[in-house]
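Presented below is the structure to which this report refers.
A quick note: this is a predicted structure, and the numbers were derived from the prediction, not measured.
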Amino acid sequence: MNMSSKLFEHGLWIVAAYLFLTAGISKGETSTQEFFEFNMLSAVPSVEPSASVELGGMVYSIESGKLVCVASEDEAAEPVVCGDSPELDESAILAVLGKKVYVAGVGPEGIDTFSFYPKDASWSALSVSGFDMRGFVGAACGKSHSHILFLNASEADRRIIAYHSIYDRWIEIGQLPEAVQVVSVKADSKDENKLTAYTGAGAIEITAKLLPTKYHWVNHLVVAALLIAILSIGAVMARREKSAGDYFRAGSRIPWWAAGLSMFAAMASAISLMAMPSNGFSENWIYFSISIFTVLIQLPILLVYYVPLARRLKVSTANEYLERRYGLPARMLGFVFFTLTQVLIRVGSILLLPSLALNSIFGLPLQTCILIMGGVTMLFVTLGGLEAVVWADVLQAVVMVSAIVICALWALFSLDMVPSEAMAILDQFDKLQLFDWRMDLSQPVVIVLAANILAFALGLIGDQNFIQRVQCTQNEKESRKAMITQLAIAVPLNLILFTLGTLLFLYYFNKPQILSPAMDSQGVFPFFAAQNLPPGLPGVVVAALLAATMSTVAGALNSVANLGVEDVYRRFNKNASDHSALMLGRILTISFGLIGTGFALWCSYKPMGSVWNLTFKLMGAVTAPLTGMYVLGIFSKRANYIGIWVGALVSVGAYFYAKDHMDLNALAYLPFCMLVSIVVGYVASLIIPAKQKDLTGLTAYTLLDKEADG
């Protein structure tokens with residue numbers, strides 16, 4: 001039995017293991033809506049009720065009828081009144097949710113509620129509670145970051161009252177096991193879904209949970225069918241991979257439409273498939289403007305500059321250009337940094353985050369999800385190389401589009417309201433806001449989003465995923481068609497995703513009581529599918545999430561294996577045979593796949609905050625300086641190797657300075673650090689002269705004069 005047959009057999013065993021492990025976790029419908037599990041605790045230390053809350057290093061309390069704050073580390077400081085504080089009773093309740101302080105139980109009837117946003121010291125009057133909240137205590141609960149739970153501290157009571165921030169609605173969401181008088185309530189620092197309610201006799205541990213779904217065994221068969229189809233594509237394409245050029249460039253025989261679908265699938269990770277509906281559901285359409293800026297900013301850069309450059313440079317890897325322009329150390333830096341970001345950030349985080357949603361909503365074991373996606377992806381990429389990646393991406397793109405369209409149509413026809421009522425609700429909550437023209441770099445305003453797209457587009461020339469797909473078509477004209485195809489699919493699909501999120505907001509508007517605090521708004525799309533679609537269709541949604549994950553991971557593994565072969569093995573072994581390069585490519589694919597999957601498994605046992613921090617540190621500190629190197633090399637004749645190294649180092653320092661001393665939106669770090677890298681690198685090149693290489697064919701000024709390859 002040859003290697004390809006063995007790998008395919010291993011893949012089938014993984015699918016069989018998936019079916020075996022998930023056979024007993026199908027979730028049936030339930031007639032109850034119990035969102036909480038309770039654990040009665042005894043012999044716990046007594047906890048005194050607290051009249052203050054802490055947010056962002058500040059302690060907030062009510063004094064003389066006003067909300068005041070003081071720095072938590074400065075006990076001697078005088079409290080400062082928080083903005084234009086309304087008149088508050090001493091019995092009002094304070095709670096923190098997200099980045100706001102909420103004040104409930106205000107007014108003579110105890111039904112008025114306000115929120116205070118410390119960033120701009122603004123106050124907002126919220127909906128009245130319908131309950132007299134005086135004498136209650138409350139705390140935020142749940143991954144949704146939208147629920148504050150309140151318990152009665154003035155008398156024995158079973159009610160659990162909730163304020164839902166997305167809908168600005170008060171509801172009775174559950175009941176305690178028995179009527180108790182709660183002294184205080186405290187959120188768990190490690191588990192967002194858990195609260196502890198302290199009473200005079202002990203405590204009650206309250207854990208939010210999701211309701212069972214309609215996810216039946218037939219859905220597992222749908223997912224298994226997708227996995228087998230992907231493995232089969234790898235096995236078929238393995239017969240065609242006779243050289244390293246076949247393995248990493250698909251022999252330049254991919255049609256433009258397939259390359260375009262592959263680019264779309266590689267960019268559309270499961271994270272984006274969940275984040276876009278989540279934004280439409282919980283916020284507005286501001287992030288959809290990224291699609292508009294992509295068409296207006298990114299597409300012209302790709303068509304006019306980067307597609308011709310990627311074809312005419314005749315490089316095997318993006319980093320090969322860095323060596324030609326600046327020398328070998330720059331190439332090695334590009335190899336190390338790109339490999340780290342692809343294997344750890346791209347593979348690790350993209351395997352982990354969708355697995356969390358599949359675990360919480362569909363009941364699929366977290367580590368099982370990671371192993372299934374990582375194992376199948378690693379095997380089919382090892383089998384078929386880039387050609388398998390591209391054709392699997394085509395299948396996965398079809399699955400993704402089908403699942404999204406099905407859910408959007410189902411949500412649309414499930415709405416129980418007329419269009420005029422729907423539009424009035426959307427207008428009331430400002431759900432359709434598309435642009436934010438403020439100059440606040442801590443928010444997703446127009447300048448931040450547009451600058452991020454510009455920086456991302458400029459950095460694509462250094463992305464091996466981009467280089468491979470541009471070079472896998474027959475000629476430059478075909479590559480341009482592929483770029484247009486990608487956006488022709490991505491932009492309308494993003495429109496559907498945001499529409500889906502808005503439809504889900506309307507769907508749950510009159511029934512927020514069925515939304516558990518345990519449901520992260522990032523998972524509202526798959527949650528809706530699991531709760532409402534008939535058996536089989538939720539499996540298509542899971543298959544879409546798996547497809548989006550595996551397509552992104554597959555491209556990352558193939559690209560870093562390509563770099564390992566070309567930037568290291570062939571660069572330092574001039575006599576390397578093509579067969580040995582092909583075999584090493586497959587070995588590296590498996591090796592990097594194991595590392596990425598292992599990193600995702602390791603992160604699954606860590607607090608999510610640390611994973612995100614690691615992701616932001618690596619991306620912000622690495623991508624910007626590399627982008628600066630490429631931009632200066634291609635668009636400047638003055639840049640030299642000394643200048644770009646100075647710019648790269650200062651850029652890394654600028655990132656850490658911004659992180660510690662500037663209030664920037666996450667999407668602002670890349671353009672900010674890239675700008676620093678370019679400006680400092682260019683100025684340093686002018687101040688510190690260096691022996692200049694022959695730049696013929698290395699800058700846009702000469703490369704674009706070359707004749708196109710077809």
side-chain hydrogen bond (donor to acceptor under 3.5 Å, both in side chains) partners for [X], two or more places apart:
X: Y287; answer: none
X: N494; answer: S291
X: Q367; answer: S604
X: T339; answer: none

Using distance only, find each side-chain donor-acceptor pair of residues 401-414 under 3.5 Å and give its atom names and separation, not counting sequence neighbours.
from	atom 1	to	atom 2	distance (Å)
S402	OG	V398	O	2.7
S414	OG	W410	O	2.6

Tell me, please, which residues at least two apart from [X] pass side chain to side chain contact (heavy atoms under 4.5 Å, CB included).
X: A208; result: F36, C141, N193, P517, A518
X: A543; result: L226, V399
X: T485; result: W256, I489
X: A490; result: F264

**Message:** Suppose the criterion is side-chain hydrogen bond (donor to acceptor under 3.5 Å, both in side chains): which pairs have a residue in residues 531-548, not counting sequence neighbours?
**Reply:**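 Passing the test, one end in residues 531-548: Y507-N532.
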**Prompt:** With sequence neighbours left out, what residues match Y167 under ring pair (Phe, Tyr, Trp, His ring centres under 6.0 Å)?
**Reply:**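 With sequence neighbours excluded, Y167 shows a ring pair (Phe, Tyr, Trp, His ring centres under 6.0 Å) to H164, F505, F509, given in chain and number order.
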**Item:** All ring pair (Phe, Tyr, Trp, His ring centres under 6.0 Å) counterparts of F498, not counting sequence neighbours
**Value:**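 Result, ring pair (Phe, Tyr, Trp, His ring centres under 6.0 Å) vs F498: W285, F288.
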**Side-chain donor-acceptor pair present, S479, R469, cut-off under 3.5 Å** = no
